[in-house]
Protein chains: 2
Amino acid sequence: MESFKLFLKSIVPLSDQEFEKYSPYFKTRTLTRNSYFAEIGKTSHEAAFIKKGLLRTYYINEKSEEVTSCFCAENNLTASYKSFISQLPSELSIQAVEDTELITISYNDLQILYQKSALWQNIGRSIAERQYMVMEQYASVLCNESAKEKYMRMLEEQPAVINKASVNDIASYLGITRRTLSRIRKEITQ
Amino acid sequence: MESFKLFLKSIVPLSDQEFEKYSPYFKTRTLTRNSYFAEIGKTSHEAAFIKKGLLRTYYINEKSEEVTSCFCAENNLTASYKSFISQLPSELSIQAVEDTELITISYNDLQILYQKSALWQNIGRSIAERQYMVMEQYASVLCNESAKEKYMRMLEEQPAVINKASVNDIASYLGITRRTLSRIRKEITQ
DNA sequence: CAGCAAAAAGGACAAATGTCCTCGAATTTA
DNA sequence: TAAATTCGAGGACATTTGTCCTTTTTGCTG
């Protein structure tokens, strides 16, 4: 739980006692490689902090292709947010790229925390704001860079993902084809 | 203020009395065409609801080009969120595309509202969650569609913006060049 | 360890998009 | 109103990226 405590402390001021008080609401859970944390069509009742491992979020587009929209690594949060927030069926699946350890909270328990304390209201709001800013960055950057620029950025910012995820998934995450990614990789290695 | 009240009611349950109670914290303001609501380098002390008009958000990339990251139309919120939330200098400018009427709240007043009531904590969190979901949609969609698909989507979802904004700004919003946009428009009209 | 299947690399060509430029129309300013 | 400026359309060519395919490599399973 230590890493999760540190994560929360990076968001809001939080004493160890306060953390201890609320920690019973959180459960730890392990996902084996390729198993799912959320699935398309099923309502997502949990949000998670990733203690160890890597998760891939994807949806299915009109051409029935998997499109990877996010890689979430250690010390980050993951959830099918839309589904979790609205408690409606998920449009996203979240799958473990490797064996992964999670710290989770259920929707119901989170609502209890929100009612119990302004602290949690604050954490909830700060996290939403934070996720928004990350997504904003991702959006504006990826839409205005060339395939090579996007790959170079990923190499810089998410080197661990490059090593663990498949070429297919990396390409769809960057919005390019496998063929283009292959060309870029060749160009870089020489 | 009526449209703003309706907007809030679409987010959280809110009685007319509650709205009246807090409405003194909000100011109305008019921006003339081409004037700024936020500017790069200046800390943004206000967030706004757009009563009427259209705003364009942009940043300057490494090649010193303006990149339009967002068009915000009537009945939506706008802010240089990162700057507003963190109270650090803005990386974005927000400019009026046409004469625009805003309902604004200052950072300080919003903090007072957050302290005063769980209702506003809730509104703040819900809005952040909402903004996140909008951005997520924008990101995943724009990064995996062709130039033409992106333009067609914009034509469908933001027809008013197409009519009001310049070709340059629309192109940079879609992450394509003017030349490509010109080609797409020609192709569509015949 | 051999054989199979899945994943990645890459060839050949096609299509999409970008770059650089010119021209005419629209808009602003003196 | 005339001149100046900005803006949008589009020609010609270069570059990037995609499509379809085959070959090579990797990893798994019996």
Side-chain angles (χ1 to χ4, degrees), chain A residues 32-35 54 56 58 61-68 71 95-99 140-155 158-190, chain B residues 32-35 54 56 58 61-68 71 95-99 140-155 158-190:
Chain A
T32 58
R33 183 169 133 82
N34 290 331
S35 64
L54 179 66
R56 176 177 76 97
Y58 68 85
N61 68 10
E62 335 70 53
K63 297 158 202 150
S64 301
E65 301 157 335
E66 280 186 14
V67 179
T68 297
F71 286 108
Q95 187 180 27
V97 173
E98 59 184 351
D99 290 356
S140 71
V141 147
L142 257 54
C143 289
N144 289 285
E145 288 188 328
S146 68
K148 189 175 179 186
E149 287 168 332
K150 288 188 278 190
Y151 183 72
M152 296 307 283
R153 177 183 293 274
M154 194 175 174
L155 210 51
Q158 306 176 70
V161 176
I162 299 272
N163 291 324
K164 291 172 182 173
S166 76
V167 166
N168 240 313
D169 294 345
I170 294 170
S172 94
Y173 175 63
L174 295 176
I176 64 181
T177 60
R178 265 179 309 164
R179 187 68 191 82
T180 298
L181 182 50
S182 161
R183 268 192 281 249
I184 292 168
R185 290 187 136 169
K186 183 174 187 182
E187 196 185 340
I188 288 172
T189 50
Q190 70 207 11
Chain B
T32 57
R33 182 170 133 83
N34 290 332
S35 64
L54 180 64
R56 176 177 77 96
Y58 68 85
N61 68 11
E62 333 72 52
K63 297 158 203 150
S64 300
E65 302 158 334
E66 280 187 13
V67 179
T68 297
F71 286 108
Q95 187 181 27
V97 173
E98 60 183 352
D99 291 356
S140 69
V141 149
L142 286 198
C143 290
N144 289 284
E145 289 188 327
S146 69
K148 188 174 178 186
E149 286 169 332
K150 289 189 276 192
Y151 183 73
M152 296 307 284
R153 178 183 294 274
M154 193 174 175
L155 209 52
Q158 307 177 70
V161 176
I162 299 272
N163 291 324
K164 291 172 182 172
S166 75
V167 166
N168 241 312
D169 295 345
I170 294 171
S172 95
Y173 176 63
L174 296 177
I176 64 180
T177 60
R178 267 179 307 163
R179 187 69 192 81
T180 299
L181 182 50
S182 162
R183 269 193 280 252
I184 292 167
R185 290 186 138 171
K186 183 174 187 183
E187 197 186 340
I188 288 171
T189 49
Q190 69 208 9

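- Contact check, A:Thr180 against D:dT17: no side-chain N or O comes under 4.0 Å of OP1 or OP2.
- D:dT15 atom P lies 17 Å from atom CD of A:Glu149, rounded to whole Å.
- The two residues A:Leu174 and A:Met154 come nearest to each other via the heavy atoms CD2-SD, 3.8 Å.
- Where B:Leu181 and A:Ser146 each meet DNA chain D at their nearest nucleotide, the meeting point lying more 5' is that of B:Leu181.
- One can place CG of A:Asn168 at 13 Å from P of D:dT19, the figure rounded to the nearest angstrom.
- As a whole-Å value, the separation of B:Arg185 CZ from D:dC7 P is 14 Å.
- Residue contacts shown for A:Ile176 are limited to sugar-phosphate atoms, with no base heavy atom under 4.0 Å away.
- Contacts of A:Phe71 classified as ring-ring contact (aromatic ring centres under 6.0 Å, His included), with partners at least two apart in sequence or in another chain: A:Tyr173.
- Distance CD (A:Glu65) to P (D:dG18): 12 Å, rounded to an integer number of Å.
- Tested against A:Asp169, the residues A:Gln95, A:Lys164, A:Arg56 include a single side-chain hydrogen bond (donor to acceptor under 3.5 Å, both in side chains) partner, A:Arg56.
- Chain A approaches DNA chain C over the interval C:dA8 to C:dA12, counting the first and last nucleotide 5' to 3' with an atom under 4.0 Å from its heavy atoms.
- Between the P atom of D:dG18 and the NZ atom of B:Lys148 lies a distance of 18 Å, rounded to the nearest Å.
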N/O donor to acceptor pairs below 3.5 angstrom from side-chain atoms of residues 179-187 of chain A, sequence neighbours left out:
{"from": "A:Thr180", "atom 1": "OG1", "to": "A:Thr177", "atom 2": "OG1", "distance (Å)": "3.1"}
{"from": "A:Arg185", "atom 1": "NE", "to": "A:Tyr151", "atom 2": "OH", "distance (Å)": "3.1"}
{"from": "A:Glu187", "atom 1": "OE2", "to": "A:Lys148", "atom 2": "NZ", "distance (Å)": "3.0"}

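- Whole-Å rounding puts the B:Asn34 CG to D:dC7 C1' distance at 14 Å.
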**Request:** Take B:Glu62 and A:Arg153 through the salt bridge (Lys or Arg N to Asp or Glu O under 4.0 Å) test and state the conclusion after the steps.
**Result:** CA-CA 14 Å; B:Glu62 333 72 52; A:Arg153 177 183 293 274; 5.3 Å; no
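- At a cut-off of 3.5 angstrom, counting only N and O atoms as typed in the model, there is no donor on one side facing an acceptor on the other between the side-chain of B:Arg183 and the base of D:dG11.
- With rounding to whole Å, A:Lys186 atom NZ is found 13 Å from D:dT23 atom C1'.
- At whole-Å resolution of the value, CZ in B:Arg178 and C1' in D:dG11 are 15 Å apart.
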